[in-house]
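Report on one structure; see the data block that follows.
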Amino acid sequence: MLLDGKQVSQVVKTTLKTQTDELLQRGKRAPHLAAVLVGNDGASETYVANKVKSCAEIGFRSTLIRLDGDTSEQTLLEQIRILNMDEAIDGILVQLPLPKQISEQRIIEAISPAKDVDGFSPVSVGKLVQGLETFVPATPFGMMLLLEHYNIDTKGKHAVVIGRSNIVGRPMSILLSSNLPKGNCTVTICHSHTHNLAEICREADIIVAALGRPGFVTGDMVKEGAVVLDVGITRVKDDTAKSGFRLKGDVNFEEVSAKAAAITPVPGGVGPMTIVGLMKNTLDAYRRKLDT
Ligand code: NAP
(Lines give C-alpha, C1' and ligand atoms only; values in the text may rest on other atoms or scores of the structure.)
Protein backbone atom coordinates (compact mmCIF):
# COMPACT_ATOMS: atom_id res chain seq x y z
CA MET A 1 0.00 0.00 0.00
CA LEU A 2 1.20 3.46 -0.88
CA LEU A 3 0.98 5.95 1.97
CA ASP A 4 -0.08 8.86 -0.18
CA GLY A 5 0.97 12.02 1.64
CA LYS A 6 -0.08 14.20 -1.25
CA GLN A 7 -3.65 12.97 -1.09
CA VAL A 8 -3.89 12.84 2.72
CA SER A 9 -2.45 16.34 3.04
CA GLN A 10 -5.27 17.59 0.81
CA VAL A 11 -7.82 15.97 3.13
CA VAL A 12 -6.21 17.69 6.14
CA LYS A 13 -6.05 21.01 4.30
CA THR A 14 -9.75 20.80 3.43
CA THR A 15 -10.59 20.29 7.12
CA LEU A 16 -8.34 23.20 8.11
CA LYS A 17 -10.01 25.40 5.50
CA THR A 18 -13.46 24.56 6.86
CA GLN A 19 -12.27 25.40 10.38
CA THR A 20 -10.79 28.70 9.18
CA ASP A 21 -13.96 29.61 7.27
CA GLU A 22 -15.97 29.00 10.45
CA LEU A 23 -13.71 31.38 12.38
CA LEU A 24 -14.15 34.07 9.74
CA GLN A 25 -17.93 33.58 9.72
CA ARG A 26 -17.90 34.17 13.47
CA GLY A 27 -16.19 37.53 12.85
CA LYS A 28 -12.73 36.37 13.98
CA ARG A 29 -9.53 37.14 12.15
CA ALA A 30 -7.61 34.45 10.27
CA PRO A 31 -4.60 32.68 11.82
CA HIS A 32 -1.37 34.35 10.75
CA LEU A 33 2.00 32.69 10.12
CA ALA A 34 5.23 34.68 9.77
CA ALA A 35 8.06 32.97 7.88
CA VAL A 36 11.60 34.30 7.91
CA LEU A 37 13.97 33.33 5.11
CA VAL A 38 17.61 34.34 5.36
CA GLY A 39 19.60 34.12 2.12
CA ASN A 40 18.48 32.41 -1.08
CA ASP A 41 19.20 28.69 -0.80
CA GLY A 42 17.23 26.96 -3.56
CA ALA A 43 15.67 24.23 -1.43
CA SER A 44 14.77 26.67 1.37
CA GLU A 45 13.12 28.99 -1.18
CA THR A 46 10.96 26.10 -2.37
CA TYR A 47 10.01 24.99 1.17
CA VAL A 48 9.04 28.51 2.24
CA ALA A 49 7.10 29.13 -0.98
CA ASN A 50 5.12 25.92 -0.38
CA LYS A 51 4.34 26.97 3.19
CA VAL A 52 3.13 30.41 2.08
CA LYS A 53 1.05 28.83 -0.70
CA SER A 54 -0.54 26.38 1.75
CA CYS A 55 -1.50 29.25 4.07
CA ALA A 56 -3.31 30.91 1.15
CA GLU A 57 -5.12 27.66 0.24
CA ILE A 58 -6.40 27.25 3.78
CA GLY A 59 -7.30 30.90 4.31
CA PHE A 60 -4.51 31.74 6.77
CA ARG A 61 -2.64 35.00 6.50
CA SER A 62 1.09 34.75 5.98
CA THR A 63 3.95 37.21 6.00
CA LEU A 64 7.25 36.33 4.39
CA ILE A 65 10.23 38.25 5.68
CA ARG A 66 13.30 37.95 3.49
CA LEU A 67 16.69 38.88 4.80
CA ASP A 68 20.02 38.94 2.98
CA GLY A 69 22.42 36.04 3.37
CA ASP A 70 24.89 38.27 5.20
CA THR A 71 22.35 39.33 7.86
CA SER A 72 23.85 39.41 11.35
CA GLU A 73 22.56 37.32 14.23
CA GLN A 74 21.68 40.54 16.04
CA THR A 75 19.46 41.72 13.17
CA LEU A 76 17.66 38.41 13.02
CA LEU A 77 17.16 38.39 16.81
CA GLU A 78 15.68 41.88 16.58
CA GLN A 79 13.32 40.71 13.83
CA ILE A 80 12.19 37.82 16.00
CA ARG A 81 11.65 40.15 18.95
CA ILE A 82 9.33 42.28 16.78
CA LEU A 83 7.39 39.21 15.64
CA ASN A 84 7.16 37.90 19.22
CA MET A 85 5.55 41.19 20.32
CA ASP A 86 3.20 41.46 17.34
CA GLU A 87 -0.28 40.48 18.56
CA ALA A 88 -1.42 39.85 14.98
CA ILE A 89 1.16 37.06 14.45
CA ASP A 90 0.29 33.60 15.79
CA GLY A 91 3.19 31.49 14.55
CA ILE A 92 6.80 32.20 13.66
CA LEU A 93 9.06 29.99 11.62
CA VAL A 94 12.65 30.65 10.70
CA GLN A 95 13.62 28.48 7.76
CA LEU A 96 16.70 26.36 8.47
CA PRO A 97 19.54 26.04 7.73
CA LEU A 98 20.78 29.54 8.57
CA PRO A 99 24.01 31.10 7.26
CA LYS A 100 27.03 30.17 9.36
CA GLN A 101 27.40 33.58 11.07
CA ILE A 102 24.08 32.90 12.88
CA SER A 103 23.64 30.41 15.71
CA GLU A 104 20.54 28.34 14.94
CA GLN A 105 20.21 27.42 18.59
CA ARG A 106 20.14 31.07 19.72
CA ILE A 107 17.51 31.88 17.09
CA ILE A 108 15.33 28.90 18.00
CA GLU A 109 15.49 29.85 21.67
CA ALA A 110 14.54 33.47 20.89
CA ILE A 111 11.17 32.51 19.39
CA SER A 112 8.37 32.85 21.91
CA PRO A 113 7.30 29.31 22.96
CA ALA A 114 3.68 30.37 22.36
CA LYS A 115 4.52 31.03 18.69
CA ASP A 116 7.02 28.18 18.17
CA VAL A 117 5.00 26.40 15.46
CA ASP A 118 8.08 24.45 14.31
CA GLY A 119 8.27 22.93 17.79
CA PHE A 120 12.07 23.19 17.91
CA SER A 121 12.48 25.22 21.12
CA PRO A 122 13.72 23.49 24.28
CA VAL A 123 10.38 24.37 25.90
CA SER A 124 8.40 22.59 23.16
CA VAL A 125 10.75 19.61 23.15
CA GLY A 126 10.63 19.33 26.96
CA LYS A 127 6.85 19.26 26.86
CA LEU A 128 6.90 16.67 24.08
CA VAL A 129 9.14 14.42 26.16
CA GLN A 130 6.81 14.78 29.16
CA GLY A 131 3.70 14.08 27.07
CA LEU A 132 2.28 17.57 27.59
CA GLU A 133 0.34 19.60 25.05
CA THR A 134 2.83 21.36 22.79
CA PHE A 135 3.82 22.05 19.20
CA VAL A 136 5.10 18.81 17.70
CA PRO A 137 7.81 19.38 15.05
CA ALA A 138 6.05 19.41 11.71
CA THR A 139 7.70 16.41 10.02
CA PRO A 140 7.14 13.89 12.86
CA PHE A 141 3.67 15.41 13.37
CA GLY A 142 2.90 14.86 9.67
CA MET A 143 4.08 11.24 9.89
CA MET A 144 1.85 10.60 12.91
CA LEU A 145 -1.11 12.04 10.96
CA LEU A 146 -0.29 9.68 8.10
CA LEU A 147 -0.19 6.66 10.44
CA GLU A 148 -3.54 7.78 11.85
CA HIS A 149 -5.11 8.27 8.43
CA TYR A 150 -4.19 4.77 7.30
CA ASN A 151 -4.87 3.35 10.75
CA ILE A 152 -1.46 1.65 10.88
CA ASP A 153 -1.19 -0.57 13.94
CA THR A 154 1.75 0.64 16.04
CA LYS A 155 1.00 -0.75 19.50
CA GLY A 156 3.78 -3.04 20.70
CA LYS A 157 5.55 -2.88 17.35
CA HIS A 158 9.29 -2.50 16.97
CA ALA A 159 10.04 0.84 15.30
CA VAL A 160 13.51 1.64 14.04
CA VAL A 161 14.23 5.32 13.48
CA ILE A 162 17.37 6.03 11.46
CA GLY A 163 18.64 9.52 12.31
CA ARG A 164 18.60 11.43 15.60
CA SER A 165 18.27 15.05 14.49
CA ASN A 166 16.30 17.47 16.65
CA ILE A 167 13.87 18.17 13.84
CA VAL A 168 13.04 14.63 12.68
CA GLY A 169 14.61 11.50 14.16
CA ARG A 170 14.65 12.30 17.85
CA PRO A 171 11.12 13.76 18.13
CA MET A 172 9.79 10.90 15.98
CA SER A 173 11.38 8.37 18.31
CA ILE A 174 9.73 10.11 21.28
CA LEU A 175 6.30 10.15 19.64
CA LEU A 176 6.44 6.50 18.58
CA SER A 177 7.44 5.45 22.10
CA SER A 178 4.80 7.65 23.79
CA ASN A 179 1.45 6.45 25.03
CA LEU A 180 -0.45 7.81 22.02
CA PRO A 181 -3.00 6.25 19.66
CA LYS A 182 -0.23 5.77 17.07
CA GLY A 183 2.57 5.31 19.59
CA ASN A 184 3.33 2.59 22.13
CA CYS A 185 6.09 1.18 19.96
CA THR A 186 9.35 -0.22 21.22
CA VAL A 187 11.78 2.14 19.57
CA THR A 188 15.38 1.74 18.47
CA ILE A 189 17.04 4.97 17.41
CA CYS A 190 20.03 4.61 15.07
CA HIS A 191 22.72 7.06 13.99
CA SER A 192 26.07 7.12 12.26
CA HIS A 193 27.75 5.15 15.10
CA THR A 194 25.21 2.32 15.12
CA HIS A 195 26.67 -1.13 14.54
CA ASN A 196 24.76 -3.73 12.54
CA LEU A 197 22.22 -1.27 11.22
CA ALA A 198 20.99 -3.64 8.50
CA GLU A 199 20.33 -6.37 11.08
CA ILE A 200 18.46 -3.97 13.34
CA CYS A 201 16.34 -2.79 10.41
CA ARG A 202 15.48 -6.39 9.48
CA GLU A 203 13.85 -6.75 12.92
CA ALA A 204 11.72 -3.63 12.45
CA ASP A 205 7.96 -3.61 11.99
CA ILE A 206 8.19 0.11 11.24
CA ILE A 207 11.19 1.91 9.72
CA VAL A 208 11.56 5.68 9.67
CA ALA A 209 14.47 6.64 7.42
CA ALA A 210 15.67 10.18 8.18
CA LEU A 211 19.37 10.33 7.45
CA GLY A 212 19.70 12.19 4.17
CA ARG A 213 21.47 9.43 2.19
CA PRO A 214 19.63 8.65 -1.06
CA GLY A 215 18.61 5.01 -1.45
CA PHE A 216 20.31 3.97 1.81
CA VAL A 217 17.60 1.51 2.92
CA THR A 218 17.67 -1.38 0.49
CA GLY A 219 15.38 -4.37 0.05
CA ASP A 220 17.63 -6.75 2.01
CA MET A 221 17.35 -4.48 5.09
CA VAL A 222 13.58 -4.75 5.34
CA LYS A 223 11.41 -7.61 6.52
CA GLU A 224 8.26 -8.68 4.65
CA GLY A 225 5.25 -6.65 5.72
CA ALA A 226 7.13 -3.75 7.33
CA VAL A 227 5.81 -0.18 7.25
CA VAL A 228 8.41 2.22 5.81
CA LEU A 229 8.34 6.00 6.15
CA ASP A 230 10.90 7.75 3.96
CA VAL A 231 11.77 11.23 5.22
CA GLY A 232 14.82 11.82 3.06
CA ILE A 233 14.80 14.51 0.42
CA THR A 234 18.05 14.88 -1.49
CA ARG A 235 18.45 16.77 -4.72
CA VAL A 236 20.27 14.44 -7.09
CA LYS A 237 21.62 15.82 -10.37
CA ASP A 238 19.52 14.71 -13.33
CA ASP A 239 20.05 16.33 -16.73
CA THR A 240 16.81 14.86 -18.06
CA ALA A 241 14.77 16.84 -15.50
CA LYS A 242 13.76 20.43 -16.30
CA SER A 243 15.11 21.65 -12.97
CA GLY A 244 18.38 19.78 -13.47
CA PHE A 245 17.78 17.61 -10.40
CA ARG A 246 15.48 14.93 -9.03
CA LEU A 247 14.36 14.44 -5.42
CA LYS A 248 15.50 11.14 -3.92
CA GLY A 249 14.44 9.56 -0.67
CA ASP A 250 16.54 7.58 1.80
CA VAL A 251 14.82 4.36 0.73
CA ASN A 252 15.37 2.38 -2.46
CA PHE A 253 11.69 2.50 -3.35
CA GLU A 254 11.75 -0.15 -6.05
CA GLU A 255 13.36 -2.80 -3.84
CA VAL A 256 11.65 -1.93 -0.58
CA SER A 257 8.12 -1.46 -1.96
CA ALA A 258 8.24 -5.10 -3.15
CA LYS A 259 8.48 -6.22 0.51
CA ALA A 260 6.82 -3.49 2.56
CA ALA A 261 3.16 -3.61 3.56
CA ALA A 262 3.05 0.17 3.36
CA ILE A 263 5.53 2.77 2.15
CA THR A 264 5.71 6.51 1.49
CA PRO A 265 6.94 7.70 -1.91
CA VAL A 266 9.41 10.55 -2.46
CA PRO A 267 8.16 13.01 -3.49
CA GLY A 268 4.54 12.93 -2.36
CA GLY A 269 4.91 11.17 0.99
CA VAL A 270 6.27 12.79 4.14
CA GLY A 271 6.98 16.18 2.48
CA PRO A 272 3.36 17.31 1.98
CA MET A 273 2.45 15.95 5.43
CA THR A 274 5.16 18.17 6.96
CA ILE A 275 3.40 21.24 5.60
CA VAL A 276 0.04 20.27 7.08
CA GLY A 277 1.75 19.55 10.41
CA LEU A 278 2.95 23.15 10.38
CA MET A 279 -0.49 24.43 9.38
CA LYS A 280 -2.15 22.52 12.23
CA ASN A 281 0.38 23.96 14.67
CA THR A 282 -0.39 27.47 13.41
CA LEU A 283 -4.11 27.00 13.99
CA ASP A 284 -3.34 25.60 17.46
CA ALA A 285 -1.15 28.61 18.28
CA TYR A 286 -4.00 30.91 17.25
CA ARG A 287 -6.57 28.96 19.27
CA ARG A 288 -4.43 28.82 22.40
CA LYS A 289 -3.86 32.56 22.20
CA LEU A 290 -7.39 33.65 21.42
CA ASP A 291 -9.03 30.77 23.27
CA THR A 292 -11.45 30.15 20.41
P1 NAP B 1 20.56 15.61 9.80
O2 NAP B 1 20.36 16.70 10.80
O3 NAP B 1 21.69 15.69 8.84
O4 NAP B 1 20.64 14.24 10.59
C5 NAP B 1 20.94 13.05 9.94
C6 NAP B 1 20.97 11.94 10.94
O7 NAP B 1 21.23 10.74 10.24
C8 NAP B 1 22.05 12.09 12.01
O9 NAP B 1 21.54 11.73 13.27
C10 NAP B 1 23.15 11.13 11.56
O11 NAP B 1 23.87 10.54 12.62
C12 NAP B 1 22.32 10.07 10.87
N13 NAP B 1 23.10 9.39 9.86
C14 NAP B 1 23.82 9.92 8.86
N15 NAP B 1 24.43 8.95 8.14
C16 NAP B 1 24.09 7.79 8.70
C17 NAP B 1 24.41 6.44 8.44
N18 NAP B 1 25.20 6.09 7.42
N19 NAP B 1 23.87 5.49 9.23
C20 NAP B 1 23.08 5.80 10.26
N21 NAP B 1 22.73 7.08 10.57
C22 NAP B 1 23.24 8.05 9.80
O23 NAP B 1 19.27 15.43 8.88
P24 NAP B 1 17.72 15.79 9.11
O25 NAP B 1 17.56 17.25 9.16
O26 NAP B 1 17.14 14.95 10.19
O27 NAP B 1 17.14 15.29 7.72
C28 NAP B 1 17.28 13.97 7.26
C29 NAP B 1 16.72 13.86 5.86
O30 NAP B 1 15.35 14.21 5.89
C31 NAP B 1 17.34 14.84 4.85
O32 NAP B 1 17.33 14.25 3.58
C33 NAP B 1 16.38 16.01 4.84
O34 NAP B 1 16.40 16.75 3.64
C35 NAP B 1 15.08 15.29 5.02
N36 NAP B 1 13.99 16.08 5.60
C37 NAP B 1 12.79 15.97 5.03
C38 NAP B 1 11.70 16.63 5.54
C39 NAP B 1 10.37 16.46 4.90
O40 NAP B 1 9.51 17.29 5.07
N41 NAP B 1 10.16 15.37 4.15
C42 NAP B 1 11.86 17.43 6.66
C43 NAP B 1 13.11 17.52 7.27
C44 NAP B 1 14.18 16.81 6.73
P45 NAP B 1 24.83 11.37 13.61
O46 NAP B 1 23.88 12.06 14.57
O47 NAP B 1 25.64 10.34 14.27
O48 NAP B 1 25.58 12.33 12.76
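One-based numbering, in listed order, for ligands and for the atoms of each.
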[atom] [closest protein heavy-atom partner, distance rounded to 0.1 Å]:
{"atom": "atom 6 (C) of ligand 1", "answer": "G163 CA, 3.6 Å"}
{"atom": "atom 3 (O) of ligand 1", "answer": "L211 O, 4.7 Å"}
{"atom": "atom 29 (C) of ligand 1", "answer": "G212 N, 3.6 Å"}
{"atom": "atom 2 (O) of ligand 1", "answer": "S165 CB, 3.4 Å"}
{"atom": "atom 46 (O) of ligand 1", "answer": "R164 NE, 2.7 Å"}
{"atom": "atom 42 (C) of ligand 1", "answer": "T139 OG1, 3.2 Å"}

Please say which of V231, L229, V136 ends up in a side-chain contact (heavy atoms from CB on, under 4.5 Å) with M172.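 Considering V231, L229, V136, a side-chain contact (heavy atoms from CB on, under 4.5 Å) with M172 is found only for L229.
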Which of the numbered atoms in ligand 1 are below 4.0 angstrom from a heavy atom of [X]?
{"X": "I167", "value": "25 (O)"}
{"X": "F216", "value": "18 (N), 19 (N)"}
{"X": "G271", "value": "40 (O), 41 (N)"}
{"X": "V168", "value": "26 (O), 43 (C), 44 (C)"}
{"X": "R213", "value": "15 (N)"}
{"X": "V231", "value": "30 (O), 35 (C), 36 (N), 37 (C), 38 (C), 41 (N)"}

Can a donor-acceptor pair be found between the side chains of [X] and [Y] at a distance below 3.5 Å?
{"X": "D116", "Y": "S124", "value": "yes"}
{"X": "T75", "Y": "S72", "value": "yes"}
{"X": "N151", "Y": "K182", "value": "yes"}
{"X": "T63", "Y": "H32", "value": "yes"}

Per-atom contact, atom 9 (O) of ligand 1, protein heavy atoms, under 4.0 angstrom: yes
Among all the protein's heavy atoms, is there at least one whose distance to atom 48 (O) of ligand 1 comes out below 4.0 Å?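 Within 4.0 Å: yes, protein heavy atom nearby.
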Under the side-chain contact (heavy atoms from CB on, under 4.5 Å) test, residues paired with S103 that sit two or more places apart: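 Residues passing side-chain contact (heavy atoms from CB on, under 4.5 Å) with S103: E73, Q105, R106.
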Quick one: does A210 get a heavy atom under 4.0 Å from ligand 1?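 Flag set, A210 near ligand 1.
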Salt bridge or not between D90 and R29? Use side-chain N to carboxylate O under 4.0 Å.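 Yes, D90 and R29 are salt-bridged.
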Would you call K155 and D153 a salt bridge, using N to O less than 4.0 angstrom?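 Salt bridge between K155 and D153, a charged N being under 4.0 Å from a carboxylate O: no.
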Compute the shortest N/O to N/O distance between [X] and ligand 1 and return yes if it is under 3.5 Å, no if not.
{"X": "T274", "value": "yes"}
{"X": "Y47", "value": "no"}
{"X": "H193", "value": "no"}

Minimum side-chain heavy-atom gap V276-V8 below 4.5 Å: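 They are not in side-chain contact.
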So do the side chains of I152 and L3 get within less than 4.5 Å of each other, counting heavy atoms only? yes
Please state which option from [options] has its nearest heavy atom closest to [atom].
{"atom": "atom 11 (O) of ligand 1", "options": "S192, G249, A209", "answer": "S192"}
{"atom": "atom 34 (O) of ligand 1", "options": "I275, I162, I233, L197", "answer": "I233"}
{"atom": "atom 20 (C) of ligand 1", "options": "M143, K248, M172, H191", "answer": "H191"}

Hey, what do you get for CD1 (I174) to CD (Q130), rounding to the nearest 0.5 Å?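 Reported to 0.5 Å precision, the distance equals 11.0 Å.
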Rounded to the nearest 0.5 Å, how far apart are OG1 of T282 and CG of L93? 7.5 Å
Is the Lys NZ or Arg CZ of R288 less than 6.0 Å from the centre of F135's six-membered ring, within 45° of the axis?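 Yes, R288 and F135 form such a contact.
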